[in-house]
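Scope of the values below: all heavy atoms of this structure, side chains included, with no hydrogens, waters or symmetry mates. The chain is numbered in sequence order, starting from 1.
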Amino acid sequence: LSIKVVIHDQIGRCLLLKRSPSSKANPGKWEFPGGKIETGENFEVGLLREVAEETGLIISLQHVAGAVEYELPARKVAFLILEGQLITGQVCLSSEHDDYAWISPEELPKKDLVEQFRSFARTYKPFHVS
């Protein structure tokens, strides 16, 4: 299980992160913040931790926006995707990513996303934008 979040800023834009060229998986592709939850960790706590590690941002989580699954050679990965709202902070990327972009929800399908998030991006409609 991996948890991702579509973070909205105060004007409704979504945050995407670009994986660094040295990344083992999907180098140079865009994705949503988040990641794997540690054993025994509450998924909301884990997602907030991942967001802070990857972006330096503090967010609030809103609700589930969708789910996707992706088949790898050795396993299947399920992604739970939540919506969140930026509370405070400036983006400060971890070494996993080398760029970020705040874009409108309509622009999501136009980005070179990691494969497993492309169908989600095509059908995503924000539930709540402040």
Next on the checklist: If we count only N and O atoms by modelled type, under 3.5 Å, do the side chains of His8 and Gln62 hold a donor and an acceptor together?
Outcome noted: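 There is no such pair (donor and acceptor under 3.5 Å, judged by atom type) between the side chains of His8 and Gln62.
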The criterion is side-chain contact (heavy atoms from CB on, under 4.5 Å); which residues satisfy it with [X], sequence neighbours excluded?
{"X": "Leu1", "result": "Ile3, Ala78, Leu80"}
{"X": "Glu69", "result": "Lys76"}
{"X": "Lys29", "result": "Asn26, Asp112, Val114, Arg118"}
{"X": "Ile103", "result": "Leu16, Ala101, Glu107, Leu108, Lys111"}

Item to check | Listed partners of Glu44 passing salt bridge (charged side-chain N to carboxylate O under 4.0 Å, His left out), at least two apart | outcome: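 Glu44: no salt bridge (charged side-chain N to carboxylate O under 4.0 Å, His left out) contacts found.
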Checklist entry - Looking at residues at least two apart in the chain, or sitting in another chain, which of them share a salt bridge (charged side-chain N to carboxylate O under 4.0 Å, His left out) with Glu106? => result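 Testing Glu106 for salt bridge (charged side-chain N to carboxylate O under 4.0 Å, His left out), a comparison that skips the adjacent residues, returns none.
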Next on the checklist: Give me the atom names and distance for the closest heavy-atom approach of Gly84 to Val5.
Outcome noted: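 Closest approach of Gly84 to Val5, heavy atoms only: N-CG2, 3.5 Å.
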Next on the checklist: Which residue is it: Tyr70, Tyr124, Phe32? I am looking for the one with a ring pair (Phe, Tyr, Trp, His ring centres under 6.0 Å) to Phe117.
Outcome noted: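 Among Tyr70, Tyr124, Phe32, the one that satisfies the ring pair (Phe, Tyr, Trp, His ring centres under 6.0 Å) with Phe117 is Phe32.
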Checklist entry - Can you list the steps and then say if Glu83 with His63 is a side chain to side chain donor-acceptor pair (under 3.5 Å)? => result CA-CA 6 Å; Glu83 274 190 326; His63 52 80; 3.0 Å; yes
Measure the [atom1]-[atom2] distance between [X] and [Y] for me, rounded to the nearest 0.5 Å.
{"X": "Glu96", "Y": "Ser22", "atom1": "CD", "atom2": "OG", "result": "10.0 Å"}
{"X": "Cys14", "Y": "Leu86", "atom1": "SG", "atom2": "CG", "result": "12.0 Å"}
{"X": "Phe43", "Y": "Ser2", "atom1": "CZ", "atom2": "OG", "result": "12.5 Å"}
{"X": "Leu17", "Y": "Ser94", "atom1": "CG", "atom2": "OG", "result": "8.0 Å"}
{"X": "Ile87", "Y": "Leu57", "atom1": "CD1", "atom2": "CG", "result": "10.5 Å"}

For the side chain of [X] and the backbone of [Y], is there at least one donor-acceptor N/O pair under 3.5 Å apart?
{"X": "Glu31", "Y": "Arg19", "result": "no"}
{"X": "Glu54", "Y": "Gly34", "result": "yes"}
{"X": "Glu41", "Y": "Glu38", "result": "yes"}

Checklist entry - Below 4.5 Å, heavy atoms only, C-beta onward: do Ile11 and Trp102 meet side chain to side chain? => result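 When only atoms from C-beta onward are counted, Trp102 and Ile11 do not touch, as no gap falls below 4.5 Å.
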Item to check | side-chain contact (heavy atoms from CB on, under 4.5 Å) assessment of Val6 paired with Phe127 | outcome: CA-CA 11 Å; Val6 181; Phe127 180 76; over 6 Å; no
Next on the checklist: Is there a side-chain contact (heavy atoms from CB on, under 4.5 Å) between Val64 and Ile81? Walk through the geometry before answering.
Outcome noted: CA-CA 6 Å; Val64 174; Ile81 305 169; over 6 Å; no
Checklist entry - Can Ile59 and Leu48 be said to form a side-chain contact (heavy atoms from CB on, under 4.5 Å), step by step? => result CA-CA 7 Å; Ile59 67 166; Leu48 293 173; 3.6 Å; yes
